[in-house]
Protein chains: 2
Amino acid sequence: MNFSISEENYIKSIYHLQQQTDTVTTNSLANELQTRPASVTDMLKKLQVKNLLEYEKYKGFRLNATGNKVALNIVRRHRLWEYFLVTKLGFEWDKVHAIAEELEHISSKDLIQKLDNFLNYPQTDPHGDPIPDVHGKIPVIRQVSIAEVPVKKNVTVSSVGNQSPEMLELLDHYHIGIGTSLKVTMRFSFDGSVEIKVLKQAACIISEQVAKNIFVYHD
Amino acid sequence: MNFSISEENYIKSIYHLQQQTDTVTTNSLANELQTRPASVTDMLKKLQVKNLLEYEKYKGFRLNATGNKVALNIVRRHRLWEYFLVTKLGFEWDKVHAIAEELEHISSKDLIQKLDNFLNYPQTDPHGDPIPDVHGKIPVIRQVSIAEVPVKKNVTVSSVGNQSPEMLELLDHYHIGIGTSLKVTMRFSFDGSVEIKVLKQAACIISEQVAKNIFVYHD
DNA sequence: TTTATTTTTTAGGTTTGTCTAAATTTTTAT
DNA sequence: ATAAAAATTTAGACAAACCTAAAAAATAAA
Ligand SMILES: [Mn+2]
Ligand SMILES: [Mn+2]
Ligand SMILES: [Mn+2]
Ligand SMILES: [Mn+2]
């Protein structure tokens, strides 16, 4: 089956929203796609007819097995292109999302296979998010947010939750990126803020909100 | 200005048809784009309003200076991606056109600039066609068809006129590609067919029609 | 130079994906 | 439990990019 660019964007957004809440609402999807709830309802009907959704009027919706597979394929293309843009073309990690948003819709199987091979089968994209394989299998990455890391444990940054330009700007400012090694030196119970120490950098304090969005694994 | 995928396909096709006949007809464009003459007329009106065309009802049309610049930019993107697909991803030269046909519509200036840099500013695409630079300037390639080459002159293949899969298949069969060195050993005046000799290969005979579609430069 | 043929345009539809405004259903608050 | 608010769907339009069939213009043939 082949899908339009619009259909693919809907499918992918539903997939992402499902990571947080099992069943997705019309409003949240409209908000995610910067469109109107009425437009979402229209598209839901089409996706249901194409047998990608479980959807009951007024009750919310979710991807079925088929829809999930389609979504994972789009996510795979998106993340492979992001990896390409950063590692081969030299883009900054906060500049690649919009471009990958277009590249992901080129659906030649052969293209993605050869791209994957050219990139040497990367496991994660530039934001630390796992890249599904051809069959839709996602490498599991054991990680916790800095908000949950015990003091004095050495950890390495594996991914970023909130990937807004504002967040990425902040991380760049602190010189924190995927693969950065650091240690939690102190945690303030007053507001949940955390003091961290990156090798060769002065210690700095990040808010609980930021801490919750930086994921790390124990060394 | 930004253009839809459909508009870009029309603009590029007009550009290509203009290489052969100065002014383009509705039917020829409909044929090129595999669409109906009525659809072409519809789009012509739109492109005229956007000030890309010189167009007089029933009299044919052509790109104006602005339209030409837009076309050259699309051609540039198309050929850079073709070059990428062949040299980096390892595609065969007869498999890249359809994919580049989609990639060419991703219009991020930054993307194309970085891609060009990554590819090390290639002058020609995998079919030997020149790649316009950022300003739309096309490198001139002095070349003649094999049909015009004098006997016994050593020449090198620079590009291919007809780029249909059938033609590319035939060239692959003869082991002829861009950069292949060869010599015309004989020309038969009866039907214009030509005997050619490629280094380390047995001499072979190609029809006048094929000869007219292989372009070469003198060594 | 009429007539016939071909080319091009116009008129009127269709599909996809969007919108606003109104109606309906669900949820929350009193 | 009922009223108010919020979420969702329906109804009806619209633009883009197609289409077919018919009309109009240009070209070729008799
Ligand atoms: Mn997208
Ligand atoms: Mn990413
Ligand atoms: Mn195209
Ligand atoms: Mn080419």
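Order of the sequence lines sets the chain letters (A, B, ...), proteins ahead of strands, with each chain counted from 1. For clarity, every value in this text was computed on a predicted model and none was experimentally measured.
Salt bridge Lys212(A)/Glu148(A): absent, no basic N to carboxylate O contact under 4.0 Å. With respect to the salt-bridge test (charged N to carboxylate O, under 4.0 angstrom), the residues Lys12(A) and Glu104(A) qualify.
Using the six-membered ring where Trp is involved, His127(B) and Trp93(B) have ring planes that are parallel, under 30° apart on the 30 and 60° scheme. Taking the six-membered ring for Trp and thresholds of 30 and 60 degrees, Phe61(B) and Tyr55(B) have ring planes more than 60 degrees apart, a perpendicular arrangement.
Residue contacts for Tyr10(B): at a heavy-atom cut-off of 4.0 Å it reaches the sugar-phosphate backbone alone, with no base atom in range.
Taking only side-chain atoms of Thr25(B), from C-beta outward, the nucleotide of dT10(C), dT8(C), dC18(D) with the closest atom is dT8(C). Nearest to the side chain of Ser6(B), among dA17(D), dT7(C), dT10(D), sits dA17(D). When each of dT18(C), dC19(D), dT9(D) is scored by its nearest atom to the side-chain atoms of Tyr55(A), the top-ranked nucleotide is dT9(D). Here the nucleotide nearest the side chain of Lys59(B), chosen from dT9(C), dT7(C), dA26(D), is dA26(D). Checked against dT10(C), dG17(C), dC19(C), the side chain of Thr35(A) finds its nearest nucleotide in dC19(C). Set against dT9(C), dC19(D), dA21(C), the side chain of Thr26(B) has dT9(C) as its closest nucleotide.
Atom CZ of Arg36(A) and atom P of dT20(C) are 5 Å apart (whole Å). Atoms CG (Asn9(B)) and P (dA16(D)) sit 17 Å apart, rounded to a whole Å. Here the C1' atom of nucleotide dT10(D) and the CG atom of Leu44(A) are 14 Å apart, to the nearest Å. What separates NZ of Lys45(A) from P of dT10(D) is a distance of 4 Å, to the nearest Å. The CD-P distance, from Glu7(A) to dT18(C), rounds to 10 Å in whole Å. Put simply, CD on Glu8(B) is 11 Å from P on dA17(D), counting in whole angstrom units. Lys46(A) places its NZ atom 5 Å from the P atom of dG17(C), with the value rounded to the nearest Å. In this entry the distance linking CD of Gln34(A) with P of dG17(C) reads 19 Å, nearest Å.
Look at Lys57(B) and you'll find a side-chain N or O under 4.0 angstrom from OP1 or OP2 of dT10(C). Regarding contacts with the backbone of dT10(D), every side-chain N or O of Tyr58(A) stays at 4.0 angstrom or more from both OP1 and OP2. For the OP1/OP2 pair of dT10(D) and a distance below 4.0 Å, the side-chain nitrogens and oxygens of Thr41(A) include no atom meeting the criterion. Proximity of Asn27(B) to the phosphate of dT8(C): a side-chain N or O atom is located under 4.0 Å from OP1 or OP2. Distances shown here put a side-chain N or O of Ser39(B) below 4.0 Å from the OP1 or OP2 atom of dC19(D).
For Phe84(A) and Phe84(B), the gap between ring centers is short of 6.0 Å.
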